[in-house]
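Okay, structure first, notes after.
Indexing begins at 1, ligand by ligand and atom by atom, following the structure's order. Keep in mind that what you see is a predicted model, and the values were worked out from it rather than measured.
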Amino acid sequence: MKKFDELGLRNELVKAVTDLGFEKPTPIQNKVIPHLLKEERDIIALAQTGTGKTAAYGLPLIQNINLRSKKVQVLIVSPTRELCVQIAKDLNSYSKYLLALNVTPVYGGSSIDKQIQSIKKGSQIISATPGRLNDLINRKAIDISTVKTVVLDEADEMLNMGFKEELNSILNKIPEERQTLLFSATMPDHLIHIAKKYMRKPLHITVGKKNTGAENVEHHVYFVHSRDRYIALKRIMDYYPDIYGIVFCRTRRETQEIADKLLNDGYNAEALHGDLSQFQRDIVMNKFRNMHLKVLVATDVAARGLDVNNLSHIINYNLPEDLEVYTHRSGRTGRAGKSGISIIIANLKEKGKLKQLEKNIQKKFVKMKVPTGKEICKKQIFNLVDKVENVKVNYEDVEEFLPEIYGKLDWMDREELIKRFVSVEFNRFLEYYKNMPDLLDPEEVKNRFTGANNPSSFTRFFLNISKREDLKPVRLIGLINDLTGIRNIPVGEIDIQKNFTFFEAGSEFAGLLQKAFNNAGYKKRRLVLEVAEKQNGAKRSGRKTAKVNRKNFRNGKKKKSFAK
Ligand code: ADP
Ligand code: MG
């Protein structure tokens with residue numbers, strides 16, 4: 001691969017990127033830069049996020065700028081304020097040895113007058129968000145007659161965010177002999193449409209496989225019931241104590257909700273979404289960048305502006321509406337040669353989508369089980385032990401206090417000391433998980449329903465709780481597991497009615513089930529579990545049986561068997 005100076009870039013630019021620590025061009029830079037330096041052809045460049053697209057167009061465009069003119073020559077359009085500012089910042093650092101170059105960022109939510117003033121001072125490159133650029137063009141604050149090149153950066157994302165009208169309007173106004181460059185991670189249909197309409201014989205440059213995810217990202221799926229999403233999220237976060245990542249939600253509201261809950265539950269997490277003021281967003285992003293914040297809960301749009309390279313995890317709290325977006329999300333981890341994990345929390349109904357995703361990224365998802373309380377505690381404890389083993393001890397600083405500490409702890413032996421130090425950190429954790437039922441794998445539960453087991457060995461039971469107590473099949477299975485302490489009791493048909501419930505379970509557990517249930521309570525009710533009449537032949541004759549049972553039950557013959 002060539003070096004920067006072999007691509008035809010002028011010395012000032014090579015020097016500037018060397019200062020930034022860029023040693024050699026990335027593949028997309030290698031392909032795009034030479035073209036842009038010598039021809040004015042339109043280009044569609046597709047490459048995953050994090051592959052260096054800004055410099056790919058930025059460096060050659062800067063080189064081609066007529067520095068003697070102060071007129072606007074390049075317009076760069078990108079979806080968010082953060083990104084637009086980031087691009088301007090990047091271009092400024094590339095051009096630090098070319099003092100005559102001015103780059104101005106313009107975006108909504110900030111004084112338009114100030115932005116107009118800085119454009120008037122003479123700015124050859126403008127980095128803009130679509131809405132604000134449109135405003136400025138309409139106000140004639142930007143003289144578009146001198147614009148030579150328009151760059152659509154993160155074009156797919158701009159369309160996702162509903163900027164189609166703005167883009168059309170901008171592209172309609174800029175002189176036709178302009179050069180149009182389109183940079184994107186994916187090429188959805190509506191983008192192809194825009195390209196066809198506004199670009200002339202574009203050169204297609206693709207780096208890596210189109211629409212595929214980064215190589216060193218593992219994709220994990222946890223199936224849960226929708227209502228268990230949050231619990232699953234917490235458990236997953238607990239299972240990865242050193243997590244540094246983004247939790248993606250679909251809406252601003254969901255984002256705020258989840259972040260609030262996490263914060264409430266003691267996690268180092270905060271929300272990032274469009275309802276926050278720019279000031280608030282800046283604070284959150286800075287905290288996250290310098291790792292004071294470990295988990296960011298964000299919408300796709302808001303997270304776009306973040307340039308962070310060492311994320312350990314991406315968590316899809318909900319899958320994105322547009323599956324292409326998943327590539328963006330997961331592409332945020334596993335960067336710069338590091339490995340990363342992209343986690344999806346999904347329900348069984350989303351299996352079709354997952355299949356589609358696997359196809360898109362051409363990788364298989366690994367199905368995971370939500371960690372049990374025990375697994376989490378173990379992981380956390382060993383994480384602590386590892387930390388103790390690896391901690392750097394500043395002997396000089398602690399020495400002064402040591403004699404007194406030794407004296408105080410003198411009466412404890414080694415075992416006692418270790419037990420105590422583990423407990424200091426973990427009592428809360430252990431306490432929390434001690435009384436928490438583990439999440440069931442909904443797929444396993446489903447298999448149990450569909451009689452994956454041998455039905456002839458089932459006994460039918462009557463139980464005195466029902467829809468009234470909001471009993472659901474999964475909850476019932478949870479109850480069976482919790483009360484008996486056994487996880488694999490085969491369960492057959494479950495029939496939750498208005499006032500009571502019938503269910504089938506492995507006959508060999510009949511005695512155990514009765515013992516376990518009949519002393520227990522559920523939502524303030526004392527449970528009654530009886531062996532019920534076997535349903536034979538006519539399936540679902542349950543109603544009749546039910547009536548009889550209810551009568552028996554109401555008459556107070558609680559402890560009598562309904563069978564035979
Ligand atoms: P993209 O727009 O493709 O998502 P960026 O242009 O934002 O990617 O670049 C991603 C990161 O890689 C930035 O931090 C950038 O400074 C860095 N980078 C870009 N080009 C190089 C290079 N040639 N060598 C090393 N790092 C680079
Ligand atoms: Mg980019």
Compute the centroid of each ring, for [X] and then for [Y], and state whether the two points are separated by less than 6.0 Å.
{"X": "Phe288", "Y": "Tyr244", "value": "yes"}
{"X": "His220", "Y": "Phe365", "value": "no"}
{"X": "Tyr198", "Y": "His193", "value": "no"}

List the residues meeting side-chain hydrogen bond (donor to acceptor under 3.5 Å, both in side chains) with Arg329, not counting sequence neighbours, and say none if there are none.
Asp300, Asn316

Report the residues that fulfil ring pair (Phe, Tyr, Trp, His ring centres under 6.0 Å) with His35, sequence neighbours left out, ordered by chain and then residue number.
none

List, ordered by chain and residue number, the protein residues whose closest non-hydrogen atom lies under 4.0 Å from any atom of ligand 1.
Phe4, Phe22, Lys24, Pro25, Thr26, Gln29, Gln48, Thr49, Gly50, Thr51, Gly52, Lys53, Thr54, Asp307, Asn309

Do any pairs count as a ring-ring contact (aromatic ring centres under 6.0 Å, His included) and have a residue in residues 51-99, sequence neighbours left out, and if so which ones?
Tyr57-Phe183

